[in-house]
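Comments concern the structure below.
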Amino acid sequence: MKVAIVGCGNISRRHAESYAAAGAELVDVADIVPAKAAELAAKYGARAHSDATQLLAATDAELISVATPPGSHAELAVQILAAGRSVLLEKPPVLSLAEMDAVASAERASAASAYVVFQHRHGSGGVRAADLLRRGVLGVPQVAVCETLWFRPRSYFDPEWRGTWVGEGGGPTLGHGIHQIDLLLHLLGPWRSIQATAVRLDRPVEFEDVSMASVVFESGAVATVINSLLSPRELSRIRIDTTGGTLEVNHVYGYSDADWTFHAVPDAARAAQLGLNPGVPGNAEAATGPDQWADSAGDDVPSNHEAQIQRLLDDLAAGRSHDTTLASTRPTMEFVTALYASAVTGTPVRRADLVTGHPFYRALRGDVDQDRIDAMMRI
Ligand SMILES: NC(=O)c1ccc[n+]([C@@H]2O[C@H](COP(=O)([O-])OP(=O)(O)OC[C@H]3O[C@@H](n4cnc5c(N)ncnc54)[C@H](O)[C@@H]3O)[C@@H](O)[C@H]2O)c1
């Protein structure tokens, strides 16, 4: 397959390496900074362009990665889809539900498709967890915890565009926690309502540097979600307590199989059946039966760009539908939107509330002026 990349900064290298590893041919790249396009093009024998318009006029690539800053994703995706090429959008795919719907409408009008990079759906642990939970093999999810506790020093916000609604679109909820939020929703299914708090404790930003949410899912499961940029020992963690045990992944920027654990629920009835006194420490645990999690292990595929891009190309080659379509990421953008709406307004937000005319449909800051946001977020 022939592929192209728009935006030749940091993360474009992961796209280029992953395409090469999957046997795809990188034929064109573009960046508004010509030296960046030239450097990536030289490494892979691709043609360099100064913007997406020039690239689209020249390329015969079927799939084009967009690895530019988030504010440009929607416009570029619409342009690429209108040119009949499929697009792989870096996270966050867009900055608002309005932008997401604009890209979805361009996709409907095109023969091509839109996909999103959420690589944590694609490591072997995530694939197994989603499959086993969907089939009920690990029990029914009841309680979950989703943590993105990362650290970005004040100097991270030195570039002028960082820390601003216009430049970044939002804080750690949108830019950082969105990875674990997407995986949580991928594992637990549709959410119903959110009550959230977002605060600015330290960093020089227009939005939050920490956010927290209580979430109720359609299934009745409940979760807490925290996103922080103030946490020196970084971790990314999802823990799901089901009727069958506790499933947990604990990593920072990418997991492998070793980062996943499943502790089956102690089974006192089974211990008694087996003639073990369930009151004796260890007997109930010893009688938990087959270890469904360990038994499902296969090849260990870490959750990185290579994992997702390999699966995407395999799916396209086989004519299968790919897991991480634009449409499949709408609940994640709805979640992020509702978190901001709840934090800024101080009221719970239901997923059903997020209709086209909702005040936060067009922007994560809603229709609220900066003074009020400052008053809400500064403690
Ligand atoms: N999936 C992940 O784990 C992951 C990790 C890091 C970054 N990202 C995402 O990747 C995207 C890019 O991040 P980055 O760290 O590579 O940023 P970056 O600033 O290093 O690179 C962005 C590049 O895009 C170019 N650019 C800007 N506007 C453009 C336009 N309209 N047309 C063509 N080129 C344009 C810039 O000149 C720059 O070279 C962001 O959306 C970010 O959130 C994802």
Side-chain angles (χ1 to χ4, degrees), residues 14 18 21-22 88 91 115-148 177-191 215 217-219 221-223 225 235-267 285 288-318 320-325 327-329 331-332 335:
R14 300 287 91 75
S18 304
L88 175 59
K91 55 63 46 177
Y115 306 101
V116 178
V117 177
F118 275 125
Q119 67 266 34
H120 301 315
R121 291 192 194 184
H122 296 279
S124 45
V127 172
R128 284 160 62 204
D131 176 54
L132 294 175
L133 285 170
R134 197 157 29 237
R135 293 194 286 117
V137 174
L138 299 182
V140 178
Q142 293 177 313
V143 182
V145 176
C146 176
E147 298 167 326
T148 301
I178 197 167
H179 278 298
Q180 308 317 308
I181 293 170
D182 180 76
L183 181 57
L184 180 79
L185 302 186
H186 184 57
L187 297 178
L188 291 191
W191 61 274
V215 190
F217 284 80
E218 289 293 353
S219 67
V222 293
V225 176
L235 68 80
S236 310
R237 188 170 79 108
I238 292 178
R239 172 187 164 125
I240 301 174
D241 297 323
T242 74
T243 51
T246 295
L247 177 69
E248 189 166 356
V249 58
N250 196 337
H251 66 120
V252 182
Y253 298 133
Y255 60 73
S256 62
D257 276 0
D259 299 313
W260 288 81
T261 54
F262 183 70
H263 288 88
V265 69
D267 191 342
E285 287 83 350
T288 48
D291 185 339
Q292 305 275 15
W293 176 253
D295 291 350
S296 71
D299 288 345
D300 183 355
V301 180
S303 66
N304 52 27
H305 282 75
E306 196 172 326
Q308 179 167 359
I309 283 178
Q310 182 70 61
R311 276 187 99 203
L312 173 60
L313 297 191
D314 286 349
D315 288 341
L316 293 178
R320 284 191 298 260
S321 57
H322 180 65
D323 173 82
T324 317
T325 56
S328 79
T329 67
T332 302
F335 184 102

(request) Kindly give the heavy-atom pair with the smallest separation between T332 and L185, and that separation in Å. (result) CA-CD1, 3.7 Å

(message) Return the OG1 to CD distance between T246 and Q142, rounded to the nearest 0.5 Å.
(response) 10.0 Å

(request) Look only at the side chain of Q308 and the backbone of V116, and say whether a donor-acceptor pair between them is shorter than 3.5 Å. (result) yes

(request) Start with the C-alpha gap between L316 and Y115, add the side-chain angles, then the distance that decides, and say whether side chain to side chain contact (heavy atoms under 4.5 Å, CB included) holds. (result) CA-CA 11 Å; L316 293 178; Y115 306 101; 3.3 Å; yes

(request) Would you name the heavy atoms of A307 and P302 that are closest together and state the gap between them? (result) CB-O, 3.3 Å

(message) Is the shortest side-chain heavy-atom distance between L88 and V117 below 4.5 Å?
(response) yes

(message) Return the OG1 to CZ distance between T329 and F335, rounded to the nearest 0.5 Å.
(response) 14.5 Å

(message) Within the 4.5 Å heavy-atom criterion, are N304 and R14 side-chain neighbours or not?
(response) no

(message) Check the orientation of H120 and Y255. Use parallel for under 30°, tilted for 30 to 60°, and perpendicular for over 60°.
(response) tilted

(request) State, yes or no, whether a side-chain contact exists between F118 and H179 at a heavy-atom distance under 4.5 Å. (result) yes

(request) Would you please test T243 and V265 for side chain to side chain contact (heavy atoms under 4.5 Å, CB included) and show each step? (result) CA-CA 7 Å; T243 51; V265 69; over 6 Å; no

(request) Taking only Lys NZ, Arg NE, NH1 and NH2, and the carboxylate oxygens of Asp or Glu, determine whether R121 and D323 approach each other closer than 4.0 Å. (result) yes

(message) Under a 3.5 Å distance rule, please check whether D131 uses its side chain to pair with a backbone N or O of R128 as donor and acceptor.
(response) no

(request) Show your reasoning for whether side chain to side chain contact (heavy atoms under 4.5 Å, CB included) applies to R320 and R311. (result) CA-CA 10 Å; R320 284 191 298 260; R311 276 187 99 203; over 6 Å; no

(request) Using distance alone, with no hydrogens and no angle criterion, decide if T288 and D267 have a side-chain donor and acceptor under 3.5 Å apart. (result) no

(message) Within this structure, what is the OG-CG distance for the pair S296 and L138, rounded to the nearest 0.5 Å?
(response) 7.5 Å

(request) Kindly give the heavy-atom pair with the smallest separation between A129 and W260, and that separation in Å. (result) CB-CZ3, 3.6 Å

(message) Would you say that D259 contacts S256 through its side chain, given a criterion of any heavy-atom pair below 4.5 Å between the two side chains?
(response) yes

(message) In the structure I gave you, are the side-chain heavy atoms of L132 and L247 within less than 4.5 Å of one another anywhere?
(response) no

(request) Report yes if some heavy atom in the side chain of H263 is under 4.5 Å from a heavy atom in the side chain of E285; otherwise report no. (result) no

(request) Taking all non-hydrogen atoms of both residues into account, name the closest pair between G254 and S303 and its distance. (result) CA-OG, 3.5 Å

(request) Could you check if a side-chain atom of T261 sits within less than 4.5 angstrom of a side-chain atom of W293, using non-hydrogen atoms only? (result) no

(request) Only one of L188, I181, L187 passes side chain to side chain contact (heavy atoms under 4.5 Å, CB included) with L184; say which it is. (result) L188

(message) Would you say the rings of H322 and H122 are close, in the sense that their centroids are separated by under 6.0 Å?
(response) yes

(message) How close do A221 and P141 get, counting heavy atoms only, and between which atoms?
(response) CB-O, 3.6 Å

(request) To the nearest 0.5 angstrom, please state how far the OG1 atom of T324 sits from the CG atom of L312. (result) 8.5 Å

(message) For a 4.5 angstrom cut-off between non-hydrogen side-chain atoms, does E248 reach R237?
(response) yes

(message) Quick check: closest heavy atoms across S124 and D257, and the distance to 0.1 Å?
(response) OG-OD1, 2.8 Å

